[in-house]
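The structure appears below as structure tokens.
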Amino acid sequence: MYVVINGGGKIGEYLATKLLGNRHEVAIIEQSAKKIDHLALALPAKALMIHGDGCDSAFQADAGTDKADIFVATTGLDDVNLVSCEIASLVFGVPRTIARVNNPKNERIFRRIGIEAVSSTSVITRLIENEAVGGAVHAIMTLTQGDLVVTEVNIPQQAGTVKDADKERVGKRVADISLPEGSLLVAVGQGESLEIVKGSTVLYPGDAVICISKEGLETAVRDVLLNL
């Protein structure tokens with residue numbers, strides 16, 4: 001997977017280190033020459049580093065944004081993260097953009113235009129790693145109080161069976177699902193409808209399930225729901 005990161009500060013460096021350690025390809029765009037020099041020493045030689053403005057399409061082109069699977073903006077400025085993600089999406093057609101949001105009040109703006117907004121470095125890292133294993137789960141926001149994460153999980157088509165006789169889908173009741181302590185299913189999207197989850201709610205293959213959990217439990221929740 002190829003990931004372009006705008007911002008070579010501590011968060012960008014941490015994210016690049018994790019991704020490179022898991023054999024992903026990474027390019028970093030950074031304006032500060034001092035930070036570029038540091039990254040050149042701190043990161044493996046295979047990391048591509050671009051000295052320039054991530055809000056300039058020319059520098060995004062140098063970083064190979066047109067072939068990126070994910071574009072991540074990690075700077076300390078929300079407006080920079082917003083603009084760079086928009087350029088990546090609209091100019092280069094990157095299918096997925098993720099932005100660090102420094103002011104929680106801005107999260108709604110980011111999500112409204114299709115940018116995944118998160119405020120935790122660890123969540124950004126898991127967000128990308130989950131994409132690498134199939135894209136079946138992604139954090140859609142981080143709650144600023146209590147380190148809670150709102151996560152969406154798509155139940156795979158093979159999770160359940162179809163009766164040959166009447167072609168009725170067979171799912172599983174929420175009350176019969178053992179989730180990790182500290183996680184809760186709150187809503188499910190079935191077709192074009194979205195409803196609040198109750199114990200009697202049945203999850204079917206293809207459903208999109210919204211879960212609230214303590215930060216760090218996203219992978220455990222995913223494993224449960226992908227293996228119903």
Hydrophobic cluster mates of [X], side-chain heavy atoms under 4.5 angstrom, ILVMFWY only, any path?
| X | answer |
| --- | --- |
| Leu90 | none |
| Ile196 | none |
| Ile109 | none |

Where [X] and [Y] come nearest, the two heavy atoms and their spacing:
| X | Y | answer |
| --- | --- | --- |
| Cys211 | Leu185 | CB-CD2, 3.8 Å |
| Leu217 | Ser183 | CD1-N, 4.4 Å |
| Pro156 | Leu226 | CD-CD2, 3.5 Å |
| Ile36 | Glu30 | CD1-CB, 3.7 Å |
| Val221 | Ser213 | CG2-CB, 4.4 Å |
| Tyr2 | Val4 | CE2-CG2, 3.8 Å |

Please list, chain by chain and in numerical order, all residues satisfying side-chain contact (heavy atoms from CB on, under 4.5 Å) with [X], sequence neighbours excluded.
| X | answer |
| --- | --- |
| Ala220 | Pro180 |
| Ala187 | Leu194, Ile210 |
| Leu82 | Glu86, Phe110, Ile113, Ile115 |
| Lys172 | Asp176, Ile177, Leu228 |

Can you tell me if Ser84 uses its side chain to pair, donor with acceptor, with the backbone of Val80 under 3.5 Å?
->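 Such a contact is found between Ser84 side chain and Val80 backbone.
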
Return yes if some donor-acceptor pair links the side-chain N/O of Asp69 with the main-chain N/O of Met1 below 3.5 Å, else return no.
->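 No, Asp69 side chain to Met1 backbone: no donor-acceptor pair under 3.5 Å.
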
Begin with the C-alpha distance, continue with both residues' side-chain angles, and end with the deciding distance and a verdict on side-chain contact (heavy atoms from CB on, under 4.5 Å) for Val91 and Gln60.
-> CA-CA 10 Å; Val91 177; Gln60 286 205 23; over 6 Å; no

Value rounded to 0.5 Å, distance of [atom1] in [X] from [atom2] in [Y]:
| X | Y | atom1 | atom2 | result |
| --- | --- | --- | --- | --- |
| Ile70 | Ile98 | CD1 | CD1 | 5.0 Å |
| Asn154 | Arg222 | CG | CZ | 13.0 Å |
| Cys85 | Phe71 | SG | CZ | 5.5 Å |

Do you know which of Asn6, Thr75, Thr97 makes side chain to side chain donor-acceptor pair (under 3.5 Å) with Asn81?
->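 Of the listed options, the one satisfying the test is Thr75.
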
Does Val224 belong to the same Ile/Leu/Val/Met/Phe/Trp/Tyr cluster as Val197, with side-chain heavy atoms less than 4.5 Å apart forming each link?
-> yes

So if you build clusters from Ile, Leu, Val, Met, Phe, Trp, Tyr with side-chain heavy-atom gaps below 4.5 Å, do Phe92 and Val72 land together?
->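 Per the 4.5 Å side-chain linkage, Phe92 and Val72 are not co-clustered.
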
Sequence-distant partners of [X], side chain to side chain donor-acceptor pair (under 3.5 Å), two or more places apart:
| X | value |
| --- | --- |
| Thr65 | none |
| Glu25 | none |
| Asp78 | Asn102, Asn106 |

Name the atoms and distances for all side-chain donor-acceptor pairs under 3.5 Å in residues 42-59, with sequence neighbours left out.
| residue | atom | partner | partner atom | Å |
| --- | --- | --- | --- | --- |
| His51 | NE2 | Gln31 | O | 2.7 |
| Asp53 | OD1 | Cys55 | N | 2.9 |
| Asp56 | OD1 | Ala58 | N | 2.8 |

Sub-4.5 Å side-chain heavy-atom contact between Leu225 and Leu203 = yes

Less than 4.5 Å apart, any side-chain heavy atom of Lys198 and any of Val174?
->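 When only atoms from C-beta onward are counted, Val174 and Lys198 do not touch, as no gap falls below 4.5 Å.
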
